[in-house]
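The structure under discussion appears below in the form of structure tokens.
Residue numbers begin at 1 in each chain, while the letters A, B, ... track the order of the sequences. Keep in mind that the numbers below use all heavy atoms, side chains included, and drop hydrogens, waters and symmetry copies.
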Amino acid sequence: MARITAEELRAIFAALSEIMEENKQYLVALDSAVGDGDLGLTMSQGFRSAAEFVDSMDETDVGIILARAGMTIASKAPSTMGTLMGTGFMKGGRAVQGRDFLGLDELTGFLEAFLEGIMERGRCRPGEKTVVDALQPALEALKAAGGQGLPLTEALDRAYEAAAAGLEKTKDMVAQHGRPAYYGEGSRGKEDPGAAVGVFLIKGLRQGLSA
Amino acid sequence: MARITAEELRAIFAALSEIMEENKQYLVALDSAVGDGDLGLTMSQGFRSAAEFVDSMDETDVGIILARAGMTIASKAPSTMGTLMGTGFMKGGRAVQGRDFLGLDELTGFLEAFLEGIMERGRCRPGEKTVVDALQPALEALKAAGGQGLPLTEALDRAYEAAAAGLEKTKDMVAQHGRPAYYGEGSRGKEDPGAAVGVFLIKGLRQGLSA
Amino acid sequence: MRKIINKPEAMVDEMLEGILAAHSDQLACAQDDLRCIITSRPKPGKVALATGGGSGHLPLFLGYVGDGLLDGCSVGSVFQSPGADQMFAVTKAIDQGAGVLYIFGNYGGDVMNFDMAAEMADMEGIRVEQVIGTDDVASGVRGQEAKRRGVAGIFFVYKVAGACAAAGGSLEEVKAVAEKANRQARTMGVALSPCTIPEAGRPTFEIAEGGMEIGMGIHGEPGIRKGELREADAIVDEMLDPILEDLPFQGGDEVAVLVNGLGSTPREELYVMYRRVHDVLAARKIGVYHVYAGEFATSMEMAGASISLLKLDDELKNYLSQPASTPFFSQPQLGK
Amino acid sequence: MRKIINKPEAMVDEMLEGILAAHSDQLACAQDDLRCIITSRPKPGKVALATGGGSGHLPLFLGYVGDGLLDGCSVGSVFQSPGADQMFAVTKAIDQGAGVLYIFGNYGGDVMNFDMAAEMADMEGIRVEQVIGTDDVASGVRGQEAKRRGVAGIFFVYKVAGACAAAGGSLEEVKAVAEKANRQARTMGVALSPCTIPEAGRPTFEIAEGGMEIGMGIHGEPGIRKGELREADAIVDEMLDPILEDLPFQGGDEVAVLVNGLGSTPREELYVMYRRVHDVLAARKIGVYHVYAGEFATSMEMAGASISLLKLDDELKNYLSQPASTPFFSQPQLGK
Ligand SMILES: Nc1ncnc2c1ncn2[C@@H]1O[C@H](COP(=O)(O)OP(=O)(O)O)[C@@H](O)[C@H]1O
Ligand SMILES: Nc1ncnc2c1ncn2[C@@H]1O[C@H](COP(=O)(O)OP(=O)(O)O)[C@@H](O)[C@H]1O
Ligand SMILES: [Mg+2]
Ligand SMILES: [Mg+2]
Ligand SMILES: [Mg+2]
Ligand SMILES: [Mg+2]
């Protein structure tokens, strides 16, 4: 059964870096519509730095790896999503500190702390058209998969689908936070750029695991 | 024989005001080519104020009228030509102060002092592409006409021709003063805007006299 | 792009190099990081004041680091928040043991990063408090003042907090004065042109030639009304009304006024505006204690202006009147 | 035209009304004429300093009326000389019996009108001397310095003359110091855009988008080279070379530097420029005593900048370092 050790984390961050790079223009376009258009740039740069950092790290504690990767993202991508992703990894990492690997339960705990960290830092709740609206359904999906005893890879497949569905739903919401909120009702009908990053996050977690 | 009393001065300033008004756009165009383009505006405003002032004055001393008209021009048209015309009238007026009228000799004395005042104020000499290059030939023509015993009106006709010829010659000169000098060799081929005002000055003097 | 720069991506760091080279007697940087600007004349025992924010707004933010004002500033890329680690580096460098007050504008990235920096400081035993500038009337309805953006009025907050700290105020006292100033400051802006982020190379938002946008933010955030450019007096009236109603400012009040240029609007025009401000305030019997006019918070070469009013009481007046001196702003003791 | 004004023809007077309303504690006008600005804090017995010039250049010219600087300023329409009668009115109002020094830029209209005003003053028994600013290297060849225009470097002349007069210098002493500063100051400008005289409604000269003109004057007077906009370092080099060669400035010299924005060029860019200035001067072993960067002499909303150097000796350094304070410029004692 698949589990996430330091080795998988290297693969996961490599995958995340690649995904953000591939989708740079897409994120720029989403963010240009309701923000300052930098999201593709900050995410590809932040995750590239994190991947390099994780690759260079001689550490087996996955919690520490995740937390340190978060600090790297926060300092290399100081835009809002950089800070939120950084915070998420730091809080999530701390929640699973002291372990050599993550199974589905631990990953669920990681994502829960990740999400809580973001909501605390961003002073936000689900339904306010943010990254939270992709991650929260993903967390629910992981929990459900755990209840059903599904393997980690399949759980992440479901989480990915849930996140993508969550992203779709952000179209119906009115932005309450960050630059998109300046547009008020004008933000309705558009996907939230940060939620798209949330989807890519789950995608990267899945992609880093074989099979 | 024609002579210039306070009454003629009123007619002369009325004529000058009219001429500057009629040629406003022409002077603006000349000044726009090598300067700031305000010449038509400042001259029409300055001479209008002078005409109004002379009209309202209860004074028979033509020297005082001319000098005071000069102060009016200087204060209402503070651009370079306003200051120079103002200076000319003030110095010229002072040279003929104490008289009730001007004949050709006195007018010649007036224009001589007028020209000297300008050259002193402008730190300039003939040939440097300024108003002086219209007025200096006009002064020579008046002197010559005086030597030949011509009447005032005819003398002014000749002075006008000489001024116009002087203006034409400024085309061959390179500007040494004021904004036109910024263009250096680039000012060659164009008439000097200030010299055009000099021609109008003589024209107005003539036009204010009957026949 | 009409900019005197080298490589667009090097602009911020080269600007900082220039600033540090020009003003090495007054400014330095922490941890050899150009983006962590600190005063080179720390005052032992004083409560330290830090700010931070994106570049492109000079003299905001680092221009207020100096005597009688702030002690440090973290510097972001153009219109981007600095990182939490830079804020933390500044915090560590300026703390004199009396605690550090963060004063910054209400922008998502800045708020989160300063939060994070405060947590880091807390872990190292440095006491940190925050006051968030929210003076922009155009950016949120009454009753939800805490959601508003911070713009030029933050200058008033810096000024009185800086003077209070210089006078030996405790962290709590300095924070209380800063909060009061923020509570009593209101700003409204108008933009006549967009501006260009060097790396983008073209304007990131549009204002039609001959148009204006009332209430637009200093990063081009949407305002409250777009329209044709009107006469100065009409523009000022449209800006002043919501300011005056919001606090509200009333007859008998005494205020300080800041007429701020956004970048390419000349001082000539700011004074044409002030002429109207003066008349409107006089008609309402609102007294004017002091007038600041010039560039205090800009958006690079944006054309436009903002008007800020600060309602004064004796305490604020005293702190406002104290001398201050930075490389970008200098004021003698007022009322002498 | 992107201007916040009312009727274009009212702009100058409305601006003056705004300035006087805002700064009534420091400024007044003579003979009820708005265009005759004088200090409201005259110093009995002091040599009085007057300047004057066209509008559109704030803080030039009236912005330097205040403590430690000038005593009066006559104000013309945009880019037009004030009248001799206004200069004379200012002269009469500020004279304290110790004589009046005129300091103004070398522009035809100004020169003639100040001459005329001096004659009027002479007739009333007021002693007047003149120093004409001629710092613009681009406007005349070496050996004919007296024909050059005066631009931002006149700030240095004001500053040291103002300090000398404040210190009790006689008319001759103040004039000598002003002449020395003018002799030792050199400026070069670059323009990236034209500007619009309100009454004209459109730019009175052209600079292609993406182009620049090295040496252009502050009214759009032709410069010495037009071309494509280059990188900041290359522009600075092209500006500095003729400045350094002209005086010349040499290894071992000590200078003050003024990097001046012409209107819409942000301070960010001025410091990118200063960074290069600093490196070039360091390489030539020229010491920098103090750096001024900001808007000191503008052309409304023109984009561009100028660089001025003043070669110092002990006397100039002392006068430069003295405090000064006007509504537009304030400096504490330097080197403290
Ligand atoms: N307070 C907040 N809480 C949670 N998410 C937020 C908050 N503010 C903004 N976001 C998310 O950040 C995204 C924009 O990220 P980013 O482009 O980095 O912002 P910026 O460039 O404005 O700093 C938004 O689409 C939204 O999902
Ligand atoms: N120093 C000078 N001496 C004599 N005439 C001068 C001098 N400088 C300029 N002029 C004249 O003034 C004319 C321009 O006048 P005007 O448009 O009023 O100048 P500006 O608008 O530049 O002040 C020039 O064409 C020239 O004839
Ligand atoms: Mg963004
Ligand atoms: Mg951003
Ligand atoms: Mg002209
Ligand atoms: Mg003119």
Side-chain angles (χ1 to χ4, degrees), chain C residues 1-7 11-12 14-19 21-23 25 55-56 58-59 63 67 190 192-193 209-210 229 231-233 235 257 263-276 278 288 291 293-295 298 300-301 303-305 323 325 327-328 330-332 335, chain D residues 1-7 11-12 14-19 21-23 25 55-56 58-59 63 67 190 192-193 209-210 229 231-233 235 257 263-276 278 288 291 293-295 298 300-301 303-305 323 325 327-328 330-332 335:
Chain C
M1 195 166 54
R2 275 172 164 155
K3 289 187 192 286
I4 307 182
I5 56 174
N6 294 301
K7 302 273 165 280
M11 198 268 261
V12 171
E14 291 187 349
M15 163 196 90
L16 291 168
E17 285 171 17
I19 289 171
H23 308 297
D25 52 333
S55 289
L58 282 179
D67 295 348
V190 61
L192 274 62
S193 86
E209 175 83 47
L229 183 58
E231 293 202 337
D233 288 355
I235 297 174
V257 182
S264 66
T265 289
R267 236 159 322 178
E268 283 80 0
E269 297 172 35
L270 302 183
Y271 280 101
V272 169
M273 293 178 74
Y274 178 70
R275 172 180 167 275
R276 180 66 170 194
H278 189 84
V288 176
V291 179
E295 294 184 348
T298 65
M300 296 181 292
E301 73 285 352
S325 166
F328 290 78
S330 187
Q331 162 184 310
Chain D
M1 194 166 53
R2 274 173 166 153
K3 289 187 192 285
I4 307 182
I5 56 173
N6 295 300
K7 300 274 166 280
M11 196 269 259
V12 171
E14 292 188 348
M15 161 196 92
L16 291 170
E17 285 171 17
I19 289 171
H23 308 298
D25 52 333
S55 290
L58 282 179
D67 297 347
V190 62
L192 274 61
S193 86
E209 175 81 49
L229 182 58
E231 293 201 339
D233 289 355
I235 297 174
V257 181
S264 65
T265 289
R267 234 153 331 174
E268 282 80 0
E269 297 172 34
L270 301 183
Y271 280 102
V272 169
M273 292 178 73
Y274 179 71
R275 171 180 167 276
R276 180 66 170 194
H278 190 84
V288 176
V291 178
E295 294 185 347
T298 65
M300 295 182 292
E301 72 287 351
S325 167
F328 291 77
S330 188
Q331 162 185 310

Contacting moiety of C/Ile235, where chain D heavy atoms sit under 4.5 Å: side chain
field: Rounded distance (nearest 0.5 Å) linking atom OG1 of C/Thr298 with atom CD of D/Glu268
entry: 5.0 Å
message: Can you tell me which portion of D/Leu229 sits under 4.5 Å from chain C's heavy atoms? Options are side chain, backbone, both or neither.
response: side chain
- request: Would you mind checking which part of D/Met273 comes under 4.5 Å of any heavy atom in chain C, side chain (CB onward), backbone (N, CA, C, O), both or neither?
  value: side chain
- prompt: Tell me, side chain or backbone of D/Ile4 under 4.5 Å from chain C's heavy atoms, or both, or neither?
  reply: both
field: Between C/Ser55, C/Gly210, C/Ser193, the one whose heavy-atom pairs under 4.5 Å with chain D are most numerous
entry: C/Ser193
task: Would you mind checking which part of D/Val190 comes under 4.5 Å of any heavy atom in chain C, side chain (CB onward), backbone (N, CA, C, O), both or neither?
output: side chain
- request: Could you tell me whether the side chain of C/Met300 reaches within less than 4.5 Å of the side chain of D/Pro266, counting heavy atoms only?
  value: yes
message: Please check: side-chain N/O of C/Arg275 versus main-chain N/O of D/Glu17, any donor-acceptor pairing under 3.5 Å?
response: no
message: Can you tell whether the side chains of C/Arg276 and D/Glu14 come within less than 4.0 Å, N to carboxylate O?
response: no
- prompt: Does any non-hydrogen side-chain atom of C/Tyr271 lie less than 4.5 Å from one of D/His23?
  reply: yes
field: D/Ser325 portion near chain C, given a 4.5 angstrom heavy-atom threshold
entry: side chain
task: Considering only heavy atoms and a distance below 4.5 Å, find which of D/Ala293, D/Gly56, D/Ala305 pairs most often with chain C.
output: D/Gly56
field: Atom group of C/Gln331 that falls short of 4.5 Å from chain D, counting heavy atoms
entry: backbone
message: Set out, in order, the CA-CA distance, both residues' side-chain angles and the distance that settles side chain to side chain contact (heavy atoms under 4.5 Å, CB included) for C/Lys7 and D/Glu231, then state yes or no.
response: CA-CA 8 Å; C/Lys7 302 273 165 280; D/Glu231 293 201 339; 2.4 Å; yes
- prompt: Out of curiosity, C/Met1 CE to D/Leu192 CG, how far, rounded to the nearest 0.5 Å?
  reply: 11.0 Å
message: I'd like to check C/Glu301 versus D/Thr265 (side-chain heavy atoms, cut-off strictly below 4.5 Å). Are they in contact?
response: no
All side-chain hydrogen bond (donor to acceptor under 3.5 Å, both in side chains) counterparts of D/Asp233, not counting sequence neighbours: C/Asn6
task: Can you tell which part of D/Met11 gets under 4.5 Å to a heavy atom of chain C, answering side chain, backbone, both or neither?
output: both
message: With chain C as the partner, which of D/Val257, D/Leu58, D/Val291 has the greatest number of non-hydrogen pairs under 4.5 Å?
response: D/Leu58
message: Going by side-chain hydrogen bond (donor to acceptor under 3.5 Å, both in side chains), name the residues that satisfy it together with C/Glu295, two or more places apart in sequence or in a different chain.
response: none
